[in-house]
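Here is the structure we will look at, set down as structure tokens.
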Amino acid sequence: TVHGALDAYGVLPALRSPWAARWAARGRGDAVPARTASLLALLGRYVDVEHTDVALDAYDADGILDALALHVAQHAILATRARQRGDKKAAAAAASGSDAEPPRDRGFTRPTVLVVLPLRSHALAFVRALLDMLPSTTFEQVENKARFIREYDADDGEISASKPADFRALFAGNSDDCFRCAIRLTRKSAKLYAPFYKSDVIVASPLGLRLAMGSAEDAKKTKYDADWLSSIELLVAPYADIFSMQNVAHFTGAVGALNQLPAQTRDTDFSRVRACVLDGHASALRQSVILSSQHTPEVRAMSTRACANA
């Protein structure tokens, strides 16, 4: 059942009602498909996941996208709560003049989740699912939601019925492949289009990441900045086979920039950075989730590059 799958996954109590409400609203009944339940269990164990038999229609029909959104929401909320608890503890220690060691509860930069999607239509579906997972009693407001819907919901026009079903499913909606949007969670709201360094979740296409980072090969001539990827703890990349129809190098280049030592210190409080991050082992603790409709050499290469979970 829906609630049984959530119990097995260890979902936060505050997230169970939003998940059940969205599941029921989409007419899926009370049963969770075996594949989705297995995915929830694997996500909850924080192991790397490579699944190469996810058809395009399964993301919605089987609730695969909802499972990913739930996991992202839970991880971001837990990371935000840990940071807020650490801030309170550090402030209390400073006020009392205590020389206790501050809590090590963060990385070099704030973003902890990177979601890579091929088209704006996919980003729209994912962000809608993510926002539906956030408890409305806690996150009372979503800033810039109207702007996001306006920019991502534009339809490219009717697709000819002569096109294959998978083609129509893929390109329905906005098929622009250049986008990026950072999401910030606070105590009572979620903000879309937040600055990268002040966000918790980054949703972007491979091309959008490439343009945001700049070129490492041409760093002397152009500005290159990938420090905002230095503390990613969760990488989610559904529709990975579609990346091979775009430019795989954009995806692998972004993955190669994950969990690297930052070029600038910025406002990092190194006394609060986790020891494993300082020691350069963050990539071995990062969870990477790669989903595809087929197993191809390109997808295998992407998974090999991304999955380093020890």
Side-chain angles (χ1 to χ4, degrees), residues 8-12 15 38-51 67-87 89-90 101-116 130 182-185 196-204 209 213 226-238 240 251-266 268-291 300-310:
Y9 173 56
V11 175
L12 292 171
L15 297 180
S38 298
L39 177 62
L40 284 169
L42 289 172
L43 294 175
R45 291 169 53 196
Y46 273 89
V47 296
D48 285 339
V49 178
E50 180 191 2
H51 191 348
L68 297 176
L70 177 68
H71 186 54
V72 168
Q74 173 147 306
H75 185 89
I77 288 173
L78 289 175
T80 300
R81 288 180 179 178
R83 186 176 60 252
Q84 291 171 347
R85 285 196 302 268
D87 290 343
K89 188 178 294 185
E101 183 176 346
R104 294 187 176 273
D105 54 6
R106 61 194 63 193
F108 295 116
T109 54
R110 178 165 174 163
T112 58
V113 182
L114 175 64
V115 182
V116 188
L130 177 63
I183 304 171
R184 178 180 183 176
L185 302 182
F196 277 10
Y197 285 101
K198 295 183 179 181
S199 67
D200 299 289
V201 179
I202 295 174
V203 179
L209 289 172
M213 292 165 51
D227 290 352
W228 41 277
L229 295 173
S230 63
S231 301
I232 296 297
E233 300 169 357
L234 172 61
L235 167 67
V236 178
F251 177 78
T252 56
V255 169
L258 296 180
N259 305 118
Q260 300 299 309
L261 293 176
Q264 301 180 39
T265 57
R266 291 183 171 79
T268 303
D269 182 354
F270 287 91
S271 66
R272 301 281 299 277
V273 177
R274 296 185 182 92
C276 61
V277 176
L278 291 172
D279 293 340
H281 301 313
S283 61
L285 301 175
R286 181 188 73 239
Q287 182 184 35
S288 299
V289 182
I290 311 294
L291 305 184
R300 182 64 227 165
M302 284 186 273
S303 297
T304 302
R305 184 71 178 267
C307 299
N309 193 313

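In this structure the side chain of Leu39 never reaches within 4.5 angstrom of the side chain of His51, judged on heavy atoms. Considering only heavy atoms from C-beta on, Pro238 comes within 4.5 Å of Leu68 through its side chain. By the 4.5 Å heavy-atom criterion applied to side chains, Phe108 and Val277 are counted as neighbours. Taking 4.5 Å as the limit, some side-chain heavy atom of Leu285 sits within range of a side-chain heavy atom of Cys276. Considering only heavy atoms from C-beta on, Val11 stays 4.5 Å or farther from Leu40 through its side chain. When side chains are defined from C-beta on, Asp87 counts as touching Arg272, because their heavy atoms get closer than 4.5 Å. Looking at heavy atoms from C-beta onward, Ile232 lies in side-chain contact with Pro111 at the 4.5 angstrom threshold. In this structure the side chain of Arg104 reaches within 4.5 angstrom of the side chain of Leu278, judged on heavy atoms.
Leu185 CG to Arg110 CZ: the interatomic distance, rounded to the nearest 0.5 Å, is 7.5 Å. We find the CZ-CG distance between Arg81 and Leu12 to be 5.5 Å, quoted to the nearest 0.5 Å. Atom-to-atom distance recorded for Asp227:CG and Met213:CE is 10.5 Å, nearest 0.5 angstrom. Distance check: Ile202 CD1 to Thr112 OG1 gives 9.0 Å after rounding to the nearest 0.5 Å. Taken from CZ in Arg83 to CG in Asp200, the straight-line distance is 5.0 Å, to the nearest 0.5 Å. Rounding to the nearest 0.5 Å gives a distance of 12.0 Å between CD of Glu233 and CG of Leu258.
The minimum heavy-atom distance between Thr252 and Met302, with the atom names listed, is CG2-CG, 4.4 Å. Arg305 approaches Gly256 most closely through the heavy-atom pair NH2-CA, 3.7 Å. Across all non-hydrogen atoms, the minimal contact from Ser271 to Asp269 is OG-OD1, 2.6 Å. Counting all heavy atoms, side chain and backbone alike, Asp48 lies closest to Ser288 at OD1-N, 2.8 Å. Residues Ala254 and Leu209 approach most closely at CB-CD1, 3.7 Å, considering heavy atoms. In terms of heavy-atom proximity, Ala73 sits nearest to Leu15 at C-CD1, 4.4 Å.
Judged by distance alone, the side chains of His75 and Gln287 never bring a donor and an acceptor atom under 3.5 Å apart.
By the salt bridge (charged side-chain N to carboxylate O under 4.0 Å, His left out) test, Arg300 is found to be paired with Glu50, residues two or more places apart in sequence or in another chain being considered.
Of the residues listed (Ile183, Val236, Val72), the one engaging Val203 in a side-chain contact (heavy atoms from CB on, under 4.5 Å) is Ile183, and it is the only one.
We find that Arg85 and Asp105 are not joined by a salt bridge, their nearest charged nitrogen and carboxylate oxygen being 4.0 Å or further apart.
For Arg266, the CZ atom counts as densely surrounded, since its 6.0 Å shell holds more than 12 non-hydrogen atoms of other residues, nucleotides or ligands.
Using a distance-only test at 3.5 Å, with no hydrogens or angles considered, a donor-acceptor pair links the side chain of Ser231 to the main chain of Thr109.
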